[in-house]
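For reference, the structure is listed below as structure tokens.
The first residue in the sequence is number 1, and the count goes up from there.
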Amino acid sequence: MIFHSLTESKRERSTVSAEFKTAKPIGVVRLGSECFFFRRWFKIYYVAYEEMTRCFRRVLLIPVAGGKKSMRLETLVIADKKGELAQIQIPGADAARALLEEIKAKAPHADFTCPDKTEEGSR
């Protein structure tokens, strides 16, 4: 497996690999003791909880049936001090809420609110 850090800080491959193997899976996400992991294609991305500054749900509404209905796409957004690092699709609202609760326990210093529109637009 190929591991990629989402931030500039890197960890030793053997340490990251061992933590990934014991991490708790939720969809494409795995929650390790020190790092948050997710898989995209054949790569596994990770970020240490200590580097997270913000984590929140973003719900995207996708129009279907000629625009008469919409499908909800649950995503989890992870950010550090430089901005958004990743937007990860989560399998449903219940999984997204459970995932956020577990991340709150591992990264209590992070902000778990969605930024307002003016804050997003200033980037």
Side-chain angles (χ1 to χ4, degrees):
M1 289 183 268
I2 301 169
F3 292 95
H4 294 279
S5 176
L6 291 175
T7 61
E8 294 175 10
S9 66
K10 307 272 188 246
R11 293 178 180 243
E12 197 144 332
R13 187 188 190 297
S14 60
T15 306
V16 172
S17 180
E19 184 176 349
F20 178 78
K21 288 176 185 174
T22 61
K24 178 181 178 179
I26 300 177
V28 298
V29 170
R30 284 186 181 229
L31 300 173
S33 57
E34 294 180 22
C35 292
F36 171 91
F37 299 92
F38 71 96
R39 182 183 296 253
R40 190 132 311 140
W41 300 103
F42 297 105
K43 296 178 183 176
I44 298 168
Y45 296 92
Y46 68 92
V47 62
Y49 296 115
E50 63 195 28
E51 295 181 84
M52 287 183 184
T53 59
R54 181 170 283 190
C55 181
F56 61 94
R57 281 174 56 205
R58 180 177 284 156
V59 180
L60 305 170
L61 297 175
I62 311 295
V64 293
K68 294 180 182 177
K69 295 187 179 193
S70 59
M71 179 177 73
R72 296 171 60 94
L73 183 65
E74 294 280 338
T75 62
L76 180 75
V77 178
I78 303 290
D80 71 354
K81 61 186 175 205
K82 292 182 180 179
E84 289 185 11
L85 297 170
Q87 180 172 293
I88 306 144
Q89 187 174 340
I90 305 298
D94 291 338
R97 283 198 266 311
L99 190 56
L100 270 178
E101 288 305 314
E102 293 207 31
I103 295 172
K104 281 180 187 178
K106 295 176 183 286
H109 62 278
D111 183 5
F112 289 90
T113 60
C114 181
D116 62 13
K117 299 290 182 194
T118 57
E119 189 177 335
E120 280 184 350
S122 65
R123 289 186 199 152

Do [X] and [Y] land in one hydrophobic cluster if side-chain heavy atoms of ILVMFWY residues count as linked below 4.5 Å?
| X | Y | answer |
| --- | --- | --- |
| Leu60 | Met71 | yes |
| Val16 | Ile103 | no |
| Ile26 | Phe38 | yes |
| Val28 | Leu99 | yes |
| Ile78 | Tyr45 | yes |

Please find the pair of heavy atoms, one from [X] and one from [Y], that lie closest to each other, and give the distance.
| X | Y | answer |
| --- | --- | --- |
| Ala23 | Phe37 | CB-CD1, 4.4 Å |
| Ser33 | Glu19 | N-OE2, 2.9 Å |
| Cys35 | Ala48 | SG-CA, 4.0 Å |
| Ala96 | Ile90 | N-CG2, 3.6 Å |
| Leu76 | Leu100 | CD1-CD2, 3.7 Å |
| Arg58 | Thr75 | O-OG1, 2.6 Å |

Min side-chain heavy-atom separation [X]-[Y] under 4.5 Å:
| X | Y | value |
| --- | --- | --- |
| Val29 | Glu102 | no |
| Tyr49 | Leu31 | yes |
| Phe36 | Lys106 | no |
| Phe3 | Thr15 | no |

Cationic tip of Arg30 within the cone over Phe20's six-membered ring, i.e. under 6.0 Å and within 45° of the normal? yes

Verify the neighbour count for atom NZ of Lys104: are there more than 12 heavy atoms of other residues, nucleotides or ligands below 6.0 Å? yes

Heavy-atom neighbours of Lys10 NZ exceed 12 at 6.0 Å: yes

CA sep, side-chain torsions, deciding dist, call: Arg54, Glu84, side-chain contact (heavy atoms from CB on, under 4.5 Å): CA-CA 8 Å; Arg54 181 170 283 190; Glu84 289 185 11; over 6 Å; no

For the OG1 atom of Thr7 and the CE atom of Met52, what is their distance to the nearest 0.5 Å? 10.0 Å

Could you state the interatomic distance from CG (Leu85) to OG1 (Thr53), rounded to the nearest 0.5 Å? 7.5 Å

Counting N and O atoms only, with roles assigned by atom type, does the side chain of Ser70 sit under 3.5 Å from a partner on the main chain of Pro63, one being a donor and the other an acceptor? no

Before accepting this row, confirm whether a basic side-chain N of the pair Glu8/Lys81 lies closer than 4.0 Å to the acidic partner's carboxylate O. no

Are Glu34 and Arg11 close enough for a salt bridge, meaning some N to O gap below 4.0 Å? yes

